[in-house]
Amino acid sequence: MTKLSVNINKIATIRNARGGELPSVTEAAIKLQEFGAQGITIHPRPDERHITRKDVYNLKPLVYTEFNIEGNPHRPFIDMVLEVKPEQVTLVPDGEDAITSNAGWDCEKNLGFLKNVISEFKDAGIRTSIFLDPNPEMVKFAKETGADRIELYTEAYATNYSKNKEEAIKPYIETALEAQKYGLGINAGHDLSLENLKYFADNIPNLLEVSIGHALISEALYMGMENTVQAYLKRLAKW
């Protein structure tokens, strides 16, 4: 079964809008795991507009499922991840002014850089994943970086799902099959929701994990957090 990792950046965004500690990022992580989430994802950015460095350290002892830290591997980010030692680090090439992640890596162009960064994480025993557009030709370069997994950037799929889901998913299937050929694990994330997740999970081979934040937290406003997590887990179930 594909694991559900919940991105809690949105919880921090709401907290920071008002100041103080409500809603609590740490309490959200605890509850989400109690409700069935199989991982917690965070994406700290340099300006700390949602997840802060303090959050990263506070969450570490509370995440007993899988802790996944996403981010652009600048030196301060690398050092923080090496100190915290999450189960997984996901490398994302977003600019400091990006509202949200908006592109995968050009692994060919950044091959040397990614190799060096990933070697540091692997030496520390941290599983590595790199954010990738649905482009089969990029997979061989992703493999050369030394990464353990790729995370398929699914915005294009989500955008085009209601128009033509078969065409929307086609490049993702092709990229996943290529990743299988190279022995890379497959994660996915960005704009996946209750509406579009099941079709994606049913058709992507070897999908190990999805990271979902914005849609899940938004849907939880109407459905409640426990019900929403359970609904996502049902979408991922293979029976």
Q: Determine whether more than 12 heavy atoms belonging to other residues, nucleotides or ligands lie under 6.0 Å from atom CD of Glu137.
A: no
Q: Side-chain contact test, heavy atoms from C-beta onward, threshold under 4.5 Å: evaluate it for Asn16 versus Arg49 and give yes or no.
A: no
**Q.** ILVMFWY network linking Val25 to Phe35, side-chain heavy atoms under 4.5 angstrom
**A.** yes
Q) Counting only heavy atoms not in Lys234, do more than 12 fall under 6.0 Å of its NZ? A) no
Q. With sequence neighbours left out, which residue pairs that include part of residues 202-213 fulfil the side chain to side chain donor-acceptor pair (under 3.5 Å) condition?
A. Thr41-Ser211, Gln88-Glu209, Lys198-Asp202
Q.
Please check: side-chain N/O of Asp106 versus main-chain N/O of Lys109, any donor-acceptor pairing under 3.5 Å?
A. yes
**Q.** Any pair counted as salt bridge (Lys or Arg N to Asp or Glu O under 4.0 Å), so long as it reaches residues 76-91, sequence neighbours left out
**A.** Arg75-Asp79
Q.
Working to the nearest 0.5 angstrom, can you tell me the gap between Thr145 OG1 and Leu91 CG?
A. 8.0 Å
Q.
Any heavy-atom pair between the side chains of Asn7 and His214 that's under 4.5 Å?
A. no
Q) Between Ser5 and Val210, is a side chain to side chain contact (heavy atoms under 4.5 Å, CB included) present by the stated rule, with each step listed? A) CA-CA 6 Å; Ser5 185; Val210 291; over 6 Å; no
Q: Any chance you could measure Arg149, atom CZ, to Arg127, atom CZ, to the nearest 0.5 Å?
A: 3.5 Å
**Q.** Smallest separation among heavy atoms of Gly71 and His43, with atom names
**A.** CA-NE2, 3.6 Å
Q: Kindly give the heavy-atom pair with the smallest separation between Glu195 and Tyr161, and that separation in Å.
A: O-OH, 3.4 Å
Q. Between Glu151 (side chain) and Leu132 (backbone), is there a donor-acceptor pair under 3.5 Å?
A. no
Q | Residues which pass side chain to side chain contact (heavy atoms under 4.5 Å, CB included) with Pro205, listed by chain and number, not counting sequence neighbours | A | Ala176, Leu177, Gln180
Q) So, are Asp47 and Arg45 salt-bridged, with charged N and O less than 4.0 Å apart? A) no
Q: Grab the two heavy atoms, one from Val117 and one from Pro73, that are nearest each other, plus how far apart they are.
A: CG1-CB, 3.8 Å
Q | Partners passing ring-ring contact (aromatic ring centres under 6.0 Å, His included) against Phe200 (at least two apart in sequence or in another chain) | A | Tyr157, Tyr172
Q) Where do Pro171 and Ala168 come nearest, in terms of heavy atoms and distance? A) CD-O, 3.7 Å
Q) So do Ile204 and Ile169 actually touch side chain to side chain, heavy atoms under 4.5 Å? A) yes
**Q.** Under the side chain to side chain contact (heavy atoms under 4.5 Å, CB included) test, residues paired with Glu167 that sit two or more places apart
**A.** Asn164, Lys170
Q | Salt-bridge present (Glu178, Lys143; N to O < 4.0 Å) | A | no
Q. Does the side chain of Ile8 come within less than 4.5 Å of Ile11's, by heavy atoms?
A. yes
(Q) Are Val81 and Leu62 connected into the same hydrophobic cluster when the rule is that any two of I, L, V, M, F, W, Y join if their side-chain heavy atoms are below 4.5 Å apart? (A) no
(Q) Would Leu197 and Leu236 count as a side chain to side chain contact (heavy atoms under 4.5 Å, CB included) here? Give the steps. (A) CA-CA 8 Å; Leu197 177 60; Leu236 293 171; 3.8 Å; yes
Q: Show your working on side chain to side chain contact (heavy atoms under 4.5 Å, CB included) between Val92 and Asn72 and close with a plain yes or no.
A: CA-CA 5 Å; Val92 183; Asn72 196 325; 5.9 Å; no
(Q) Within the structure provided, determine whether Tyr57 and Met80 are in side-chain contact (heavy-atom separation under 4.5 Å). (A) yes
Q: Report the distance from atom SG of Cys107 to atom NZ of Lys115, rounding to the nearest 0.5 Å.
A: 11.5 Å
Q: Name all pairs fulfilling the side chain to side chain donor-acceptor pair (under 3.5 Å) condition that reach into residues 216-228, sequence neighbours left out, sorted by first residue then second.
A: Glu219-Tyr232
Q. Ile173 and Tyr153: same hydrophobic cluster, using ILVMFWY side-chain contacts below 4.5 Å?
A. yes
Q) Given the rule in the side chain to side chain contact (heavy atoms under 4.5 Å, CB included) test, do Leu111 and Glu144 qualify, once you have shown the distances and angles that lead to the verdict? A) CA-CA 7 Å; Leu111 184 58; Glu144 289 182 33; 3.3 Å; yes
Q) Got Leu208 and Thr2 here, is their nearest side-chain heavy-atom distance under 4.5 Å? A) no
Q.
Applying the side-chain contact (heavy atoms from CB on, under 4.5 Å) criterion to Ile42, which one of Leu59, Asn68, Thr52 satisfies it?
A. Leu59
Q. Atom CG in Leu207, atom CE in Met1: separation rounded to 0.5 Å?
A. 11.0 Å
Q | cation_pi(Lys165, Tyr199) dist<6.0 Å, angle<=45 | A | yes
Q: Please answer: with hydrophobic residues joined when any side-chain heavy atoms are less than 4.5 Å apart, are Ile78 and Ile51 in the same cluster?
A: yes
Q. Roughly how far apart are Ile130 CD1 and Ile150 CD1, rounded to 0.5 Å?
A. 8.0 Å
**Q.** Arg235 side-chain N/O to Leu194 backbone N/O, donor-acceptor pair under 3.5 Å
**A.** yes
Q. If you look only at pairs with a residue in residues 5-26, which of them pass as a salt bridge (Lys or Arg N to Asp or Glu O under 4.0 Å), with sequence neighbours excluded?
A. Arg15-Asp55
Q.
Would the distance check show the side chain of Trp105 and the main-chain N or O of Asp133 forming a donor-acceptor pair, the cut-off being under 3.5 Å?
A. no
Q: Treating Ile, Leu, Val, Met, Phe, Trp and Tyr as nodes and any side-chain heavy-atom pair under 4.5 angstrom as an edge, say whether Ile40 and Ile30 lie in one connected cluster.
A: no
Q) With sequence neighbours excluded, what pairs up with Asn196 under the side chain to side chain donor-acceptor pair (under 3.5 Å) test? A) Ser193
**Q.** Gly39 backbone acceptor or donor facing Gln33 side chain under 3.5 Å
**A.** no
Q) Would a 4.5 Å heavy-atom cut-off, applied to side chains only, mark Met138 and Thr175 as touching? A) no
Q) Considering residues at least two apart in sequence or located in another chain, which fulfil the side chain to side chain contact (heavy atoms under 4.5 Å, CB included) criterion with Thr128? A) Val89, Ile118, Phe121, Lys122, Ala147, Asp148
(Q) Which residues pass the side chain to side chain donor-acceptor pair (under 3.5 Å) test with Gln38, not counting sequence neighbours? (A) none
Q) Taking all non-hydrogen atoms of both residues, which atom of Leu233 and which atom of Gly36 are closest, and how far apart? A) CD1-O, 3.7 Å
Q: Name all residues meeting the side chain to side chain donor-acceptor pair (under 3.5 Å) criterion together with Ser129; count only those two or more places apart in sequence or in a different chain, and write none if there are none.
A: none
Q | Contact check, side chains of Pro46 and Phe77, non-hydrogen atoms, under 4.5 Å | A | no
Q: Could you list the residues that satisfy side chain to side chain donor-acceptor pair (under 3.5 Å) with Glu174, not counting sequence neighbours?
A: none
